[in-house]
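What follows is a single structure, written as structure tokens, with notes after it.
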Amino acid sequence: MSEQSNFSERVWHIVAAIPPGKVTTYGDVALLAGSPRAARQVGGVLRRLPAGSTLPWFRVINRHGRISLQGDDLFRQRDALEAEGIEVSDAGEIALDKYRWEYDR
DNA sequence: CTCATGACCGTTA
DNA sequence: ATAACGGCCATGA
């Protein structure tokens, strides 16, 4: 009965399920949301999150294991990840092999 | 309805 | 390793 009506809602549910200390990619979220080619739109959804949202948007990075954001947003995402034990280089690189979230079920 | 945008990705060089 | 290019497609104006 939990049929999600639209892409944005599916993205919200998936991102909300990423456990602390883990990350996933835009492409993986798109895949789980049922639109394998809509990785770009995942970023669009996260960019338009309502102010005050508690969604852990910072646990989504790109396929290279790098933070896609620039400038101040890059620093904020890096700090949020480091705060839960994820190692991030100054350039914004994360070891996907080590921190990638495996969705099962 | 059309059009522009873009927190992406795979391929190619 | 980096960079350019084209395709992709949900969203908002």
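Order of the sequence lines fixes the chain letters, A, B, ..., with proteins taken first and strands second; residue numbering starts at 1 for each chain. Excluded from the calculations below are hydrogen atoms, water molecules and symmetry mates; all remaining heavy atoms, backbone and side chain alike, are included.
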Worksheet entry | Non-neighbouring partners of A:Glu82 that pass salt bridge (Lys or Arg N to Asp or Glu O under 4.0 Å), sequence neighbours left out | none

Discussion item. With salt bridge (Lys or Arg N to Asp or Glu O under 4.0 Å) as the rule and sequence neighbours excluded, what pairs involving residues 23-51 of chain A come up?
Written reply: A:Asp28-A:Arg100

Worksheet item: Which residues within residues 71-96 of chain A lie with some heavy atom under 4.0 Å of an atom in DNA chain B?
Response: none

Could you list all N or O pairs between the protein and nucleotides 9-13 of chain B that sit under 3.5 Å apart?
| residue | atom | partner | partner atom | Å |
| --- | --- | --- | --- | --- |
| B:dC9 | OP1 | A:Gly27 | N | 3.2 |
| B:dC9 | OP2 | A:Arg63 | N | 3.0 |
| B:dG10 | N7 | A:Arg63 | NH2 | 2.8 |

Worksheet item: For the atom pair NZ (A:Lys22) and CG (A:Leu81), what is the distance rounded to the nearest 0.5 Å?
Response: 13.0 Å

Worksheet item: Tell me, which of residues 46-55 of chain A have any heavy atom that sits under 4.0 Å from an atom in DNA chain B?
Response: A:Leu46, A:Arg47

Worksheet item: Quick one: side-chain contact (heavy atoms from CB on, under 4.5 Å) partners of A:Ala83, sequence neighbours excluded?
Response: none

Worksheet item: Checking side-chain contact (heavy atoms from CB on, under 4.5 Å) for the pair A:Ile18/A:Val23: CA distance, chi angles, key distance, verdict?
Response: CA-CA 7 Å; A:Ile18 307 170; A:Val23 295; 5.9 Å; no

Worksheet entry | Any residue meeting side-chain hydrogen bond (donor to acceptor under 3.5 Å, both in side chains) with A:Asp79, in chain and number order, not counting sequence neighbours | none

Worksheet entry | Outermost DNA chain C nucleotides near chain A [under 4.0 Å, heavy atoms] | C:dG7 to C:dG12

Worksheet entry | Sequence-distant partners of A:Trp12, ring-ring contact (aromatic ring centres under 6.0 Å, His included), two or more places apart | none

Discussion item. Test: side-chain hydrogen bond (donor to acceptor under 3.5 Å, both in side chains). Region: residues 52-65 of chain A. Which pairs qualify, not counting sequence neighbours?
Written reply: A:Arg59-A:Glu84, A:Asn62-A:Ser68

Practice prompt. Could you tell me which residues satisfy side-chain hydrogen bond (donor to acceptor under 3.5 Å, both in side chains) with A:Arg76, sequence neighbours excluded, listed by chain and number?
Written response: A:Asp73

Item to complete: Could you list the residues that satisfy side-chain contact (heavy atoms from CB on, under 4.5 Å) with A:Ile14, not counting sequence neighbours?
Response: A:Val29, A:Leu32, A:Ala33, A:Trp101

Discussion item. Quick check on the hydrophobic clustering: are A:Tyr103 and A:Ile94 connected, directly or via other members, by side-chain heavy-atom contacts under 4.5 Å?
Written reply: yes

Worksheet item: OH/A:Tyr26 to CG/A:Leu46 distance, rounded to the nearest 0.5 angstrom?
Response: 6.5 Å

